[in-house]
Amino acid sequence: MNPPWTADLGDGTYRNPVLNADWSDPDVVRVGDDYYLTASSFGRAPGLPLLHSRDLVNWTLVGHALERLEPAADFAVPRHDCGVWAPSLRHHDGRFWIFWGDPDHGIQQVNAPDVRGPWTAPHLVKAGKGLIDACPLWDEETGEAYLVHAWAKSRSGIKNRLTGHRMSPDGRELLDEGKTLVDADTIPGWFTLEGPKLYRRDGHFWIFAPAGGVETGWQGAFRSRDFFGPYDERVVLAQGDTDVNGPHQGGWVSTPQGEDWFLHFQARGPYGRVVHLQPMRWDADGWPVIGDDGVPVAVHRKPRTPAPPDGVPGAPASSDDFPGGRFGRQWQWTANPRPGLTVAHAGDGLRLACVRTAHADDLRTLPHVLVQRLPAETFTVETELTLDGGEPGAKAGLAVLGDAFSWIGLENAADGTARLVHRYAETGAPRERDAAHDRPAPGRRARLRVEVSAGARCRFLADTGDGFRPSGQVFAATPWRWVGALLGLFATAPEGTGPAGTATFTAFRTAAPPERPARAARPA
């Protein structure tokens with residue numbers, strides 16, 4: 001199946017973004033000829049996605065490093081903008097390491113001998129409020145280990161500051177109280193310094209870190225001969241006359257051929273934080289120059305690395321046939337899952353249990369919504385739904401979920417028959433409302449479709465046996481605070497006891513929108 005977006009143009013060049021979905025706060029590492037990337041996953045489970053590439057342009061999702069969020073009790077319900085913030089991915093001493101800051105609990109770490117696991121249980125390296133954006137460094141020359149992190153003012157009252165520590169070589173504890181490495185309040189014009197990534201090059205300690213705000217800022221670089229400073233600074237990437245606002249935090253990686261590249265994100269509202277790839281070089285004074293002399297590139301020559309194994313441009317999967325009743329790696333739950341959310345069966349198709357809940361009229365509060373990122377700026381998504389069992393009020397559907405949400409699907413009426421329904425809730429609204437009049441669903445089955453156009457404007461359609469028909473008004477998707485809008489599948493039922501039925505989703509397909517015929521020109 002062709003993905004809705006591919007960055008590889010097939011002629012030795014690529015277009016940005018290389019990951020046109022919400023892979024927020026990316027970090028990257030090379031091991032041999034392979035590249036690996038992780039990103040923020042906030043309150044969703046599993047967390048810490050792991051992507052693989054051979055050329056920094058074509059990526060596949062190979063797994064997750066965090067099965068459940070800890071403390072588990074805190075993430076039994078959705079906490080959409082909490083949890084895993086801005087992880088750092090490194091390879092040291094034959095192991096992969098990921099450090100991240102949970103703004104409410106502190107700096108945590110997991111590690112594994114192979115990127116596909118098994119990963120260790122999360123270890124709390126430093127407890128505290130507002131400790132975010134943690135990044136380690138093992139100095140191969142001296143054997144010393146270090147860690148740098150930023151601060152979330154919402155929890156700590158501190159911002160615009162980077163703090164450094166000496167760290168034990170096993171990555172399990174910090175060896176001092178920490179020292180301010182960079183106080184951007186002392187740098188004219190700099191504010192909201194965050195997202196540091198720590199490196200060593202040519203006798204210098206380097207910190208790559210953005211400032212100026214997620215949607216309006218720039219990428220900075222800092223260098224010092226001593227880890228604890230003082231550091232000199234320079235702006236190394238800014239929006240310039242491009243449409244790449246930000247550009248915000250990311251990671252530097254070198255190829256076996258000696259080229260340098262930088263991956264960073266761009267905040268795009270309901271689409272989340274999409275990932276760009278920039279060429280990078282070093283000037284005569286030893287400072288990095290990213291992009292086209294400091295501004296982002298739109299199209300560029302690909303890195304000189306081996307081609308993808310099959311030679312076919314690709315992107316992380318978004319379609320899913322649910323083979324054997326199992327869902328693909330691209331799916332996450334909106335909170336730590338509990339047993340019984342899915343129902344095992346021998347055939348294809350995802351079978352969700354209709355979970356009884358008192359909050360069935362607000363998808364934003366439900367922990368059992370299965371979600372994935374919007375896979376492109378414009379695309380269509382289609383699935384078929386069958387609602388099994390006649391429990392009145394049981395319902396299931398396909399949703400576009402954010403601070404506002406809309407969904408279309410099936411609901412059991414009081415007489416046990418299934419009806420096609422379309423509901424939505426505005427930002428701040430406590431419960432959903434009808435987006436269209438319901439109608440009968442013969443055979444308790446419907447095909448559901450959402451057509452997403454520029455600006456994340458979503459047109460909902462359904463086919464209950466007489467062809468696809470539009471339903472309701474166009475819905476403008478919205479993000480949560482830090483998270484882009486999500487595609488979701490769910491099944492729920494009113495409070496009560498005993499099984500409430502199941503919902504089966506088959507052939508979940510995303511695709512580029514069909515070509516629309518051009519309008520004929522008006523006569524002069």
Given side chains that start at C-beta, do those of [X] and [Y] come closer than 4.5 Å, heavy atoms only?
X	Y	result
Ser254	Trp261	no
Tyr14	Arg301	no
Leu9	Val299	yes
Pro513	Glu451	no
Val18	Leu56	no
Trp333	Val371	no
Phe262	Val236	no

Donor-acceptor contacts, no H, no angles, side chain residues 162-174, under 3.5 Å, sequence neighbours left out:
residue : atom : partner : partner atom : Å
Thr163  : OG1  : Trp151  : NE1          : 2.8
His165  : ND1  : Asp176  : O            : 3.3
His165  : ND1  : Asp176  : OD1          : 3.1
His165  : ND1  : Gly178  : N            : 3.4
His165  : NE2  : Lys126  : NZ           : 3.1
Arg166  : NH2  : Glu144  : OE1          : 3.3
Ser168  : OG   : Asp170  : OD1          : 2.5
Ser168  : OG   : Arg172  : N            : 3.4
Ser168  : OG   : Glu173  : N            : 3.2
Ser168  : OG   : Glu173  : O            : 3.2
Asp170  : OD1  : Arg172  : N            : 3.1
Arg172  : NH2  : His123  : ND1          : 3.1

Donor-acceptor pair, [X] side chain versus [Y] backbone, under 3.5 Å?
X	Y	value
Thr378	Val452	no
Asp22	Gly484	yes
Glu194	Arg161	no
Gln257	Glu259	no
Gln372	Ser318	yes

Check: Where do Tyr35 and Val29 land on the side-chain contact (heavy atoms from CB on, under 4.5 Å) test, with the steps shown first?
Finding: CA-CA 6 Å; Tyr35 302 90; Val29 68; over 6 Å; no
Next item on the list: Decide, yes or no, whether a salt bridge links Asp260 with Arg281 under the criterion of side-chain N to carboxylate O below 4.0 Å.
Entry: no
Next item on the list: Using a strict 4.0 Å threshold on nitrogen-to-oxygen distance, state whether Arg268 and Glu377 make a salt bridge.
Entry: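 So Arg268 pairs with Glu377 through a salt bridge.
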For [X] and [Y], which heavy atoms make the closest approach, and how far apart are they?
X	Y	answer
Pro479	Asp403	O-CB, 3.2 Å
Ala86	Asp133	CB-OD1, 3.0 Å
His92	Glu140	ND1-OE2, 3.4 Å
Ala376	Tyr271	O-CE2, 3.4 Å
Ala267	Glu215	CB-CG, 3.9 Å
Ile98	Ala65	CD1-CB, 3.8 Å

Measure from NZ or CZ of [X] to the centre of the six-membered ring of [Y] and say whether it is under 6.0 Å with the direction within 45° of the ring axis.
X	Y	answer
Arg90	Trp138	no
Arg15	Trp5	yes
Arg201	Trp282	yes

As an exercise, state the distance from [atom1] of [X] to [atom2] of [Y], rounded to the nearest 0.5 Å.
X	Y	atom1	atom2	result
Leu350	Leu370	CG	CG	6.5 Å
Thr6	Asn58	OG1	CG	8.0 Å
Thr334	His368	OG1	NE2	8.0 Å
Phe405	Leu486	CZ	CG	13.5 Å
Arg44	Gln332	CZ	CD	4.5 Å
Asp202	Arg225	CG	CZ	8.0 Å

Checklist line | Check: Trp287 ring centre within less than 6.0 Å of Phe222 ring centre | finding: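 No, the ring centres sit 6.0 Å or more apart.
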Margin query: Under 6.0 Å between ring centres: does that hold for Phe208 and Trp252?
Written below: yes
Ring geometry between [Y] and [X] (parallel below 30°, tilted from 30 to 60°, perpendicular above 60°):
X	Y	value
Trp119	Phe96	tilted
Phe205	Tyr146	perpendicular
Trp218	Phe191	perpendicular

Under 3.5 Å, sequence neighbours excluded: what are the donor-acceptor pairs made by side chains of residues 76-85?
residue : atom : partner : partner atom : Å
Arg79   : NH2  : Asp104  : OD2          : 3.3
His80   : NE2  : Arg364  : O            : 3.0
Trp85   : NE1  : Asp81   : O            : 3.0

Margin query: Run His105 and Asp74 through side chain to side chain donor-acceptor pair (under 3.5 Å) and show every step you take.
Written below: CA-CA 10 Å; His105 300 101; Asp74 286 14; 2.8 Å; yes
Notebook entry, point to check: Which is it for Arg509 and Asp321 under the salt bridge (charged side-chain N to carboxylate O under 4.0 Å, His left out) test, yes or no, and what are the steps along the way?
Noted result: CA-CA 8 Å; Arg509 302 287 171 80; Asp321 287 329; 2.7 Å; yes
Note to self: What verdict does the side chain to side chain donor-acceptor pair (under 3.5 Å) test give for Thr13 and Lys302, after you've listed the backbone C-alpha separation in whole Å, the side-chain angles of each residue and the deciding distance to 0.1 Å?
What the structure shows: CA-CA 5 Å; Thr13 66; Lys302 289 176 58 179; over 6 Å; no
Item checked: Inter- and intrachain pairs under side chain to side chain donor-acceptor pair (under 3.5 Å), touching residues 181-191, at least two apart -> Asn160-Asp185
Margin query: Regarding Asp25 and His248, do their side chains bring together a donor and an acceptor under 3.5 Å, going by distance alone?
Written below: no
Notebook entry, point to check: How far apart are the C-alpha atoms of Asp139 and Arg200, what are their side-chain angles, what is the distance that settles it, and do they pass the salt bridge (charged side-chain N to carboxylate O under 4.0 Å, His left out) test?
Noted result: CA-CA 7 Å; Asp139 189 337; Arg200 197 86 157 96; 2.9 Å; yes
Check: Arg234 and Asp283: salt bridge (charged side-chain N to carboxylate O under 4.0 Å, His left out), yes or no, with the steps?
Finding: CA-CA 12 Å; Arg234 183 172 292 188; Asp283 70 13; 3.0 Å; yes
Notebook entry, point to check: Do you know which of Asp33, Asp34, Thr60 makes side-chain hydrogen bond (donor to acceptor under 3.5 Å, both in side chains) with Arg54?
Noted result: Asp34
Next item on the list: Would you check, one step at a time, whether the test side chain to side chain donor-acceptor pair (under 3.5 Å) holds for Ser53 with Asp55?
Entry: CA-CA 6 Å; Ser53 177; Asp55 62 2; 3.1 Å; yes
Item checked: side chain to side chain donor-acceptor pair (under 3.5 Å) between His264 and Gln249, worked out -> CA-CA 5 Å; His264 67 90; Gln249 75 186 67; over 6 Å; no
